[in-house]
Amino acid sequence: MMPLRDVKDHPKRKVNLIGIVVEFSIPRMSEGTDYCTILKVVDRSQQSPELSVNVFIDDVHQLPHIRSRRDIILLSCVRIERHKQDVYAVFNKSFSSFALFDGKCSSVFSPYQTSPAFCLLDSDKPFITSLRNWCLTFQLDPGISPYVVSLNDIKEREYVDLVCKVLGVCEVSSNEWVLFIWDGTDVPPLSFNTKLEEQNSTRLQIESVPLPTSIISNFPCVGTVLRVIADQAFGKLGYHFHSIGQWVRIRNILFEVDSGLWKGFLTCASKVRLLSENDNSVAECKRNLTERLSRSGRVPMSSYHVSNFITVLTLTDYESTKFATLMDLLTFSKDKGRFRCIVRVVAICPSQVKDFWSPAGLSRIRVTLEDPTARIHALLCGEDAVMQLYILLMLKFGLA
DNA sequence: TTGGGG
């Protein structure tokens, strides 16, 4: 077994390695015939630079899938290569093999995943024990980096890192999967098109089909749940992405705006670092959310300084009711409920006043409401509809 | 073969 610090002295050689996996790229199709994931590995002999291990296998499910932070990978017969100034290892399916082990201290040496040709030797076991013991004292890289931003600070066409919780994954159209991520903050409100004739194109969500209740019911009610698109190069992401429910630092996410909604994209440079619940950056996210709730309640971060909103909303009959978010509405378990929300009006249908009344004299107006957690349609019906709409227009155009 | 990144 070769210590990682010696790898640089053995270019073109095939070697056996063992180390802690501290980062992995999300498996995706390569430009060749295989799926690829790139692991970053450290051991007692070398933590910086982390050794890259480029793994190529034609079945995405057979690529190594890291379950927990500090898990151990044993690599047999990987070839050492050099690219520019970097030395790295290449896993070739025709002659390499791997096994993944739980990194927690134990006397269990059965791997939780292996490549087909892997064979564990008795002589491997002391190396596994040694790494498990070393992990007890080694401080793994925390979630801090110069590129980390919170969802509250994202900008269009910018690559950044996010410390966030992965809430779920779902196929939203053929060959397109979405990760749902959350850090407890709100994405910045976007300016939207106020041309009346174009308002009806306003969408409620990125995805073209309603999400399963099983996904939505896991969404927190405060803070934006951001959609991150994985295109078809990532395959059937839901079947091979195993970090659901975990806090992670995702590196190199790209942000764009579509239909007035934020969405992220996984790129070929996107990578995942699993974080502990006690990681400093994770603890900071949780602390910020607790402080936010105790200071301002369930109010959009962007409205903290917009007193006009509050003035208008006190015209409602439910002044004593605490503010809720639109996600509170969407995840409400009963059939009926009264809520008091701070929202933006992003569209009105019909867009022409002459169309507000049906031939029978009934008014039926649909508005699209938005807060950082969701968009919904709200129907204004009956005799009060025009007055309700007047209040909403005051909100929309700042007439209050 | 593929990949490699601030």
Side-chain angles (χ1 to χ4, degrees), chain A residues 4 7-8 10-15 17 19 21-42 46-66 73 75-98 115-117 141-151 153-164 181 183 228-237 240-241 248-256 264-273 275 281:
Chain A
L4 299 189
V7 162
K8 63 181 184 306
H10 297 80
K12 308 285 187 190
R13 292 268 303 277
K14 292 174 184 168
V15 301
L17 305 171
V21 182
V22 294
E23 182 180 282
F24 56 91
S25 68
I26 300 171
R28 68 193 305 274
M29 194 64 200
S30 72
E31 294 295 314
T33 59
D34 297 318
Y35 280 86
C36 173
T37 184
I38 297 171
L39 312 176
K40 297 284 187 178
V41 178
V42 302
Q46 181 172 295
Q47 295 94 55
S48 180
E50 297 157 352
L51 181 72
S52 288
V53 181
N54 299 4
V55 185
F56 299 100
I57 300 180
D58 50 7
D59 180 354
V60 69
H61 301 287
Q62 289 189 13
L63 286 172
H65 290 101
I66 315 305
I73 192 163
L75 295 151
S76 299
C77 226
V78 288
R79 188 160 59 204
I80 305 305
E81 296 186 11
R82 188 180 289 275
H83 173 71
K84 298 178 181 173
Q85 301 302 312
D86 300 323
V87 173
Y88 61 100
V90 177
F91 179 102
N92 187 310
K93 59 183 185 285
S94 59
F95 52 78
S96 308
S97 63
F98 77 84
S115 57
D141 179 29
I144 301 163
S145 100
Y147 307 104
V148 168
V149 300
S150 70
L151 285 178
D153 293 319
I154 59 175
K155 297 181 176 64
E156 256 189 291
R157 290 181 290 282
E158 194 173 74
Y159 284 81
V160 295
D161 300 358
L162 288 175
V163 170
C164 58
I181 61 170
D183 71 0
V228 180
I229 311 290
D231 65 26
Q232 56 186 323
F234 291 92
K236 297 181 182 300
L237 189 70
H240 66 80
F241 188 73
V248 298
R249 169 149 61 97
I250 305 185
R251 298 176 56 200
N252 287 309
I253 292 185
L254 176 66
F255 293 101
E256 288 190 5
F265 287 91
L266 293 181
T267 71
C268 56
S270 297
K271 297 180 175 66
V272 174
R273 283 184 184 242
L275 302 176
S281 53

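Every chain is numbered from 1 and lettered A, B, ... according to where its sequence line falls, protein lines coming before strand lines.
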Check: A:K93 side chain, B:dT2 base, donor-acceptor under 3.5 Å: no
Just to be sure I understand the rule, does A:V55 reach a base, reach only the sugar-phosphate, or reach nothing, if contact means heavy atoms closer than 4.0 Å? nothing
Using 4.0 Å as the upper bound for N to carboxylate O, is an ion pair formed by A:K271 and A:E50? no
Please confirm whether any donor atom in the side chain of A:D161 sits under 3.5 Å from an acceptor in the base of B:dG6, or the reverse. yes
Measure the distance from CZ on A:F24 to C1' on B:dG3 and round it to the nearest whole Å. 17 Å
Tell me if a side-chain donor or acceptor on A:H10 pairs with a main-chain N or O of A:I80 at a distance below 3.5 Å. no
Proximal nucleotide (of B:dT1, B:dG5, B:dG3) relative to the A:D34 side chain: B:dT1
Using heavy-atom distances to pick each residue's nearest nucleotide on DNA chain B, tell me which of A:R82 and A:N92 is more 5'. A:N92
Output for pair (A:L162 CG, A:D183 CG), nearest 0.5 Å, gives 6.5 Å
Nearest whole Å is fine: how far is B:dT1 C1' from A:R79 CZ? 11 Å
Indicate whether A:Y159 forms a stack on B:dG6; treat it as stacked only if centroid distance is below 5.5 angstrom and interplanar angle below 30 degrees. no
Which whole-number value in Å describes the distance from A:I57 CD1 to B:dT2 C1'? 13 Å
Nearest-Å distance for atom pair CZ/P, residues A:R28 and B:dG5: 13 Å
Please give, in whole Å, the distance from B:dG6 C1' to A:K271 NZ? 10 Å
Partner of A:E23 by side-chain hydrogen bond (donor to acceptor under 3.5 Å, both in side chains), out of A:R249, A:R251, A:K40: A:R251
Using atom CZ of A:F91 as one end and atom C1' of B:dT1 as the other, report the distance to the nearest whole Å. 16 Å
Can you tell me how far P of B:dG3 sits from NE2 of A:H83, to the nearest Å? 11 Å
Taking only the side-chain heavy atoms of A:E31 (C-beta and beyond), determine which of B:dG5, B:dT2, B:dG6 contains the nearest atom. B:dT2
Would you mind reading off the distance between A:E81 atom CD and B:dG3 atom P, rounded to a whole angstrom? 13 Å
I'd like to know if the side chain of A:N252 and the backbone of A:D161 have a donor-acceptor N/O pair within less than 3.5 Å. no
Quick note, A:V90 side chain, CB onward, closest among B:dG3, B:dG5, B:dG6 is B:dG3
Given B:dG6, B:dG5, B:dG3, the nucleotide with the shortest approach to the side chain of A:A269: B:dG5
Taking atom types as they are modelled, is there a donor-acceptor pair under 3.5 Å from the base of B:dT2 to the side chain of A:T33? no
